[in-house]
Each structure stands twice: as structure tokens, then as C-alpha cells.
Amino acid sequence: TRLAKLETMGKRTKKAGIVGKYGTRYGSSIRKVVKKIEISQHSKYNCPFCGKTSVKRHSAGIWDCGSCKKTMAGGAFVLSTPTASDVRTTLSRVKRNALIM
């Protein structure tokens, strides 16, 4: 029966997770880096427009919100890169200083 098969199935991976598909190939260090990248690119992110956690990666650098149907540009593997955050902070500081002067 189907229930008996489900009970006898073994656990797939303990540490490997999403990179278990590579088996023992490519070396552990490279697999760890790829694991971090693949987890971040397959996860859902908060939409800056509607606020829901429904932004998924469409292709490299293109992100789609499943809720409000907006398409936005971002990083290749994460929606907002650390560099983009730094640029936003710097621009807001420059604008604020320009208004004060």
C-alpha cells in the first residue's frame, strides 16, 4: 500500500540539502557556496510595492511579485544586493543634505 511505502522511505539528505543533487562531485567548499546561492535565489522575498512575501526570481536579475504582478530589477540571486542598499543610503543622505543647505 501507499502508506507502507511512505513509512519505509529513507531520509534523503541531512547536511547537503538542495545541493544533494550533486552528490560527491565538485568538492565540499564549492557545494557550500552553491547551497547558499541556490537557497537565496529560490526563496520568496517581501514585495516593496504591496508588502506581501510573494516576490520570486524569474531569471537572473528579474523578480516578479505574484500578488501585485509587478516586475522589478534586482540582484542575480537576491532581490536587493548589499551594494544597492549602500547606494540607496548614500543617495538619501545626499538628498537630505541638499535640502538642508
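Below, all heavy atoms of this structure are taken into account, side chains as well, without hydrogens, waters or symmetry copies.
Separation of atoms NZ (Lys95) and OG1 (Thr90) is listed at 12.0 Å; rounding is to 0.5 Å. Here the NZ atom belonging to Lys69 is positioned 10.0 Å from the OG1 atom belonging to Thr71, to the nearest 0.5 angstrom. The CZ atom of Arg31 sits 10.5 Å away from atom OH of Tyr22, with the distance rounded to the nearest 0.5 Å. For the atom pair OG of Ser40 and CZ of Arg57, the computed distance is 9.0 Å after rounding to the nearest 0.5 Å.
The two residues Lys35 and Lys15 make their nearest non-hydrogen contact at NZ-O, 2.7 Å. Taking all atoms of both residues into account, the shortest heavy-atom contact from Gly20 to Ala16 is CA-CB, 3.7 Å.
Under the 4.5 Å side-chain heavy-atom criterion for ILVMFWY residues, no single connected hydrophobic cluster contains both Ile39 and Val78. Note: the hydrophobic cluster containing Ile30 does not contain Ile37 (ILVMFWY, side chain heavy atoms under 4.5 Å, direct or indirect links). Tyr26 and Ile18 end up in the same hydrophobic cluster when Ile, Leu, Val, Met, Phe, Trp and Tyr side chains are linked at under 4.5 Å. Under a hydrophobic-cluster definition in which Ile, Leu, Val, Met, Phe, Trp and Tyr are linked whenever side-chain heavy atoms come within less than 4.5 Å, directly or via other members, Val19 and Val33 are assigned to different clusters.
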Full working for side-chain contact (heavy atoms from CB on, under 4.5 Å) between Met72 and Cys65: CA-CA 8 Å; Met72 56 206 94; Cys65 178; 4.3 Å; yes
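With Trp63 contributing its side chain and Cys47 its backbone, the two residues share no donor-acceptor pair below 3.5 Å. Counting only distance, with no hydrogens or angles, the side chain of Ser59 and the backbone of Ile62 share no donor-acceptor pair below 3.5 Å.
Surrounding NE2 of His58 are at most 12 heavy atoms belonging to other residues, nucleotides or ligands under 6.0 Å away.
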